[in-house]
Amino acid sequence: MKFSDELSCSLACVAVAIGIGMVAWPVASQFVPNAYSVLASKLEVNLSAISPGHSITISWLGTPVFVRNRLALEVKAARRGRVCELKDKLARNANFGPSCLAFDRNRCVDRRSENWLVVLAPCTHLGCIPDVTSYGWYCACHGSCYDLSGRIVKGPAPENLKVPKCVYKTGLLIIGK
Amino acid sequence: MANLLALALSQYFCIKPGLTSWTTQLCCFEVPKHANLLYVLGGVLLFALCLQILTGLSMAIHYLPSAANAFESINELVRKFKYGWLVRSAHVNGASLFFCVLYLHIFKAVYYRSYIGSRKLVWVIGSAMYVLVLCTSFMGFVLPWSQLSYWAAVVITNFVEAVPAAGKWIKLFVLGGVNVRDPMLKRFFVFHCFVPFVVLFLAVLHVVFVHLATQNSPVPNRLPLHDSCVKMFPFFALKDVMFVFVYLLVLCFLCLVAPNTFLSRHNYTPANYYVTPTGIKPEWYFLPYYSVLRGFESKLFGVFAVMSALVFMVLMPYTHENLSSTVFESFYKLSATVLFLSLFCLGIVGAFEFGFYSDLVLKLCTTWCLAFFLCPCASRCWRELKLKILKQSW
């Protein structure tokens with residue numbers, strides 16, 4: 001094969017590759033949503049409806065969220081354990097820094113309202129919704145147990161339940177940015 | 001017209017070396033006399049695939065791929081249209097029966113070593129089809145948007161997330177959003193309708209390559225070749241047809257007498273995003289994979305184990321090609337049987353909650369599967385290493 005033939009052959013190959021890429025890229029990209037479809041949204045929750053010791057499940061951006069009004073007894077129980085014994089030692093709280101440790105006071109919405117606990121409901125293992133129990137949460141899918149602070153104590157889940165960005169005003173909770 | 005078509009096809013296939021003509025291939029293809037009942041499963045599978053496509057397409061006419069309407073549309077098909085219940089039942093039970101026959105077919109190929117020599121490509125195409133069929137059936141399982149479908153989708157997409165580096169991106173690609181909702185349902189519907197035709201195309205290729213390579217026999221080289229074979233038509237073609245009827249009989253039994261054998265009550269509850277039903281488990285044909293996936297503490301290891309099992313399966317013709325003069329050869333058939341028994345045990349373990357004994361069984365069975373795939377490789381490497389050392393010392 002002459003050099004000019006080789007050159008034109010390889011040029012043609014490059015052109016075809018570019019052409020395929022230009023078709024494939026948008027076709028493949030349309031599977032992924034763009035930034036606008038995952039808009040941030042705020043959700044206001046009236047807390048006066050939740051009496052102490054109770055918990056509700058609400059939907060925020062399609063994800064279930066637990067809002068739990070803990071009894072003083074339960075807060076005390078949650079603060080009794082030692083962080084160094086936990087499986088996941090980070091607070092996973094969007095309101096504080098990412099390196100915050102999983103003390104119960106770092107898991108609350110803010111430090112004045114220690115009875116309120118707001119966590120994203122999906123189990124950090126495989127996304128099932130745990131059941132609310134007297135000692136915290138229990139995920140029936142694969143047996144993960146979370147304590148009264150939403151921290152993983154037993155089972156396959158790798159992380160504590162996540163705390164979303166939220167603001168507490170007396171009697172009102174605003175979830176989201 | 002039919003003659004013209006046959007002529008065109010025969011001319012097309014005549015170009016390929018080794019194939020005489022389309023019609024003579026069908027009539028005069030020679031099958032070993034020893035071919036037992038396990039050898040009819042291929043034909044039955046082809047029929048079952050066509051039946052699934054037929055019932056599936058007729059369901060697709062009624063189905064609405066949206067989270068709000070999917071469950072109700074299936075319900076309407078069953079209740080408001082003539083024989084809708086039969087079509088749905090045939091599709092659902094047909095899928096389970098299809099996998100039943102498919103696993104037996106794979107067992108046959110492993111047991112009689114039909115994957116070596118000139119049939120390597122047959123095996124590789126077959127295993128590619130198996131992976132595609134697994135994906136298709138999972139997507140089909142999600143479509144009715146029942147409790148079980150929804151939570152199966154949630155759990156499996158969370159497993160996908162564990163893939164290192166690309167996991168988050170693949171998950172976004174599959175979900176088309178943050179949660180398991182409409183976008184995912186729509187793409188699953190499209191792929192569930194489209195992939196079976198790819199499988200059908202591969203099935204035709206699979207058969208063509210079997211015809212190119214001639215058929216394997218359960219008792220190789222026992223008789224002189226001209227004596228050990230009979231014509232495909234009418235002997236084995238009729239046998240195939242007979243077992244297609246047996247398949248239909250079992251399917252009829254399932255549809256008409258026990259339509260909910262493979263279903264639970266969660267299949268009849270619409271998806272609820274706030275409550276996970278207790279005791280969820282996948283369809284029975286996924287159970288071995290499921291028990292391995294959840295058996296590992298880390299998700300990554302589970303995903304890695306399942307992926308490597310599939311890769312080992314595809315590579316089997318190359319790793320298990322030369323078993324002669326290894327210890328493994330003498331008890332190959334026994335170990336292949338134990339492999340399938342251990343997969344069966346894994347399935348049983350996957351159906352129940354974890355305990356001490358199930359964990360033990362899981363570990364034993366996984367070890368056996370790993371050993372089955374890796375021992376021939378290891379022994380071959382060992383032999384070659386020994387030869388090398390011997391050569392050097394001389």
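Chain letters run A, B, ... following the sequence lines, proteins first and then strands; every chain starts at 1.
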#### Entry: Per-residue contact mode, T63(A) against chain B (heavy atom under 4.5 angstrom)
both
### Task
Please say whether more than 12 non-hydrogen atoms of neighbouring residues, nucleotides or ligands are located less than 6.0 Å from NZ in K89(A).
yes
### Task
Name, in order of residue number, those residues of residues 287-301 of chain B that have a heavy atom at a distance of less than 4.5 Å from a heavy atom in chain A; otherwise write 'none'.
Y290(B), R294(B), E297(B), K299(B)
### Summary
Checking heavy-atom separations under 4.5 Å from chain A, one finds in residues 358-369 of chain B none
#### Entry: More than 12 heavy atoms of other groups within 6.0 Å of R79(A) CZ
yes
### Contacts of residues 6-31 of chain A with chain B (heavy atom under 4.5 Å)
A28(A), F31(A)
#### Entry: Any side-chain donor near an acceptor of the partner, Y274(B) and S59(A), under 3.5 Å
yes
### Message
Does F173(B), at its CZ atom, have more than 12 non-hydrogen atoms belonging to other residues, nucleotides or ligands within less than 6.0 Å?
### Response
yes
### Message
Taking every non-hydrogen pair under 4.5 Å, which of T278(B), V275(B), L172(B), T157(B) racks up the most with chain A?
### Response
L172(B)
## Note on the structure
Cut-off 4.5 Å, heavy atoms of chain A, and the answer for I280(B) is side chain
### Proximity of residues 121-143 of chain A to chain B, residues having a non-hydrogen atom under 4.5 angstrom
T124(A), H125(A), L126(A), G127(A), C128(A), I129(A), A140(A), C141(A), H142(A)
